[in-house]
Number of protein chains: 2
Amino acid sequence: MASDRRPYKRESEDVRRDSLINAALELIADGGPKAATVRAIAEKAGVTAGLIRHYFASKEDLVRESYRRMMDRMTADNAAVLDDARPDPVVRLATFVAASLQPPVVDPTRVGLWAGFLHGVQIDPQIRKVHIQTYLAYRDLLQNLIEHLPEMTNPRCPRAAAIACNGVIDGLWMEASAVPEVFEPGEILEIGLIAVGKILEVDLLTAFKTEHQDMA
Amino acid sequence: MASDRRPYKRESEDVRRDSLINAALELIADGGPKAATVRAIAEKAGVTAGLIRHYFASKEDLVRESYRRMMDRMTADNAAVLDDARPDPVVRLATFVAASLQPPVVDPTRVGLWAGFLHGVQIDPQIRKVHIQTYLAYRDLLQNLIEHLPEMTNPRCPRAAAIACNGVIDGLWMEASAVPEVFEPGEILEIGLIAVGKILEVDLLTAFKTEHQDMA
DNA sequence: TGCCTTGTTTTACAAATGATCAATAACCCA
DNA sequence: TGGGTTATTGATCATTTGTAAAACAAGGCA
């Protein structure tokens, strides 16, 4: 008798967990948290719903892991920009700031995903911990870049400078991602470079333009 | 035979709609969007679930209205600060910025509520419209304050200046609201005033301190 | 007072959700 | 090659969800 049972392939724990996490992230990104049901996640990951609880203690557990994954990616993306950048500290900072204010970091999908989790920061201690770690990692990166600026323009309080610059970047990132149609093309990038430049008293815009003359 | 039916009082449409909207906002604020079920909303509003659809076409409709209400409140709060402020343009701007970086505007509950809706901005056209209107209203208010600054310090492009300042304020507001324990008391306020001041080349911090000598 | 409108409750329902677990078959290894 | 391990399926459960509509009663008005 022919079995009408669905054929499948056994996969390693890593592969399956990755599939499920990615599926959850995609669903939350474009349908919000409520779209990430166990069945939808399973289908997108190419498995059946029952398998989720073979790899995660609960759906909530999977969501937590997904948040961690998303934040890890953001941190990695941010740090990666600096690998290719020239050693000049001003150019490095300009490159770093610019990366956060352009695609693919600026992206409606990403901000939706990020917002979907933000409420969890208020409720779930583990999500909160990850949020703080990621925030501080980004800010420390920024502070480090600031501290390597030419001595003359070195701010008295690097911590405060980093918090301020982080604020501008976050705010502009959010707005540009959420409602891009409100701004002119490239406007947010230029405004961000100018604003961070004024806070630090460095001309980031010129530094960025000379470095990337190929761009508009 | 004694009726075990729950006693009730007839109320006007306004009262009932207000109760339901407020209940929805409270629930979303401290339990996230998923906590705002029709039954929970009804209970918090002191009615039974069936009544919701007597005043709203659907739950989604109620949520939309709630979002509008929240945004209206934020706009009103922001504008209200300026009523009491002295006519001096620098002081007015400083007061306005400071209000956005202190309680009750800075508040974990508020940012949770705000985040709960942010995903809707990507999906629901009506929510998106309200979001844009509110954003532009705040930014225009800011731009207006900036344009009234002493001519010498008047920025060449008020629009860009307003976008930048709005960015700092939003970013710092979000971070201070989400994870206040990462900052020292009053730190965000001071950093925000300095940052906006540097962008506009005005000393907002001094203006704020002289105006509010009673504060730390 | 007594009727009528309609705000409100109540019950009901179908669909969806997260969870559970026995059955099964894919793959590893002896 | 064949048996055992276990990853995976699939069926099922108890809840919860938004919605629907009938039954009821509060308050206005003649």
Distance in angstrom units between [X] [atom1] and [N] [atom2], rounded:
{"X": "A:R53", "N": "D:dC13", "atom1": "CZ", "atom2": "P", "value": "18 Å"}
{"X": "A:Y8", "N": "C:dA25", "atom1": "OH", "atom2": "P", "value": "8 Å"}
{"X": "A:H54", "N": "C:dA22", "atom1": "NE2", "atom2": "P", "value": "14 Å"}
{"X": "A:K9", "N": "C:dC27", "atom1": "NZ", "atom2": "C1'", "value": "10 Å"}
{"X": "B:E13", "N": "C:dT6", "atom1": "CD", "atom2": "P", "value": "13 Å"}
{"X": "B:I52", "N": "C:dT10", "atom1": "CD1", "atom2": "P", "value": "15 Å"}
{"X": "A:E11", "N": "D:dT8", "atom1": "CD", "atom2": "P", "value": "7 Å"}
{"X": "B:E43", "N": "D:dT16", "atom1": "CD", "atom2": "C1'", "value": "15 Å"}

Which value, rounded to the nearest 0.5 Å, describes the distance between B:I21 atom CD1 and B:R16 atom CZ?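 If we round to the nearest 0.5 Å, B:I21:CD1 and B:R16:CZ are 13.5 Å apart.
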Over the length of the helix from C:dT1-D:dA30 to C:dA30-D:dT1, how much do the five-pair end axes diverge, rounded to 10 degrees?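 Angle reported: 0°, given to the nearest ten degrees.
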Quick check on the 6.0 Å ring-centre criterion: do B:F96 and B:Y138 meet it?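 Yes, the ring of B:F96 comes within the 6.0 Å limit of the ring of B:Y138, centre to centre.
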4.5 Å side-chain heavy-atom contact, B:L118 and A:L118: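 No. Closest side-chain heavy atoms not under 4.5 Å.
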For the residue pair A:I188 and B:I163, establish whether any side-chain heavy-atom pair is separated by less than 4.5 Å.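 Yes, their side chains come closer than 4.5 Å.
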Given 3.5 Å as the limit, does a donor-acceptor pair link the side chain of A:K59 with the main chain of A:I52, or not?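 No; zero donor-acceptor contacts below 3.5 Å.
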Donor-acceptor pair, distance only, cut-off 3.5 Å: does the side chain of A:R128 make one with the backbone of A:V121?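 Side chain of A:R128 to backbone of A:V121, a donor-acceptor pair under 3.5 Å: yes, one is there.
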Identify the two heavy atoms, one from A:G167 and one from B:E175, that lie closest to each other, and give their separation to 0.1 Å.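 Closest approach of A:G167 to B:E175, heavy atoms only: CA-OE1, 4.0 Å.
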Heavy atoms under 4.0 Å, any strand shown: does A:F56 hit a base, just sugar-phosphate, or nothing?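 If one applies the 4.0 Å heavy-atom cut-off, A:F56 turns out to touch nothing in the nucleic acid.
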Aromatic rings A:Y135 and B:F183: how do their planes relate, parallel, tilted or perpendicular, breaks at 30° and 60°?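 If you compare the ring of A:Y135 with that of B:F183, the planes turn out perpendicular.
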Within the modelled atom types, does a donor on one side and an acceptor on the other bring the side chain of B:R10 and the base of C:dT6 under 3.5 Å apart?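 Indeed there is one.
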Donor-acceptor pair (no angle test) under 3.5 Å: A:R5 side chain, D:dT9 base: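 Indeed, a donor on one side and an acceptor on the other fall under 3.5 Å apart.
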If you draw a 6.0 Å radius around CD in B:E147, do more than 12 non-hydrogen atoms from other residues or ligands fall strictly inside?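 Counting other residues, nucleotides and ligands, CD of B:E147 exceeds 12 neighbours.
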Listed in order of residue number, which residues of residues 15-40 of chain B have a non-hydrogen atom at under 4.0 Å from DNA chain C?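 Those residues are B:R16, B:R39.
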Here's a test of your reading of the structure: between B:L51 and A:V47, which maps to the more 5' nucleotide of DNA chain D?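 Upstream on the strand: A:V47.
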Check whether any side-chain N or O of A:Y55 sits under 4.0 Å from OP1 or OP2 of D:dA7, and answer yes or no.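 No.
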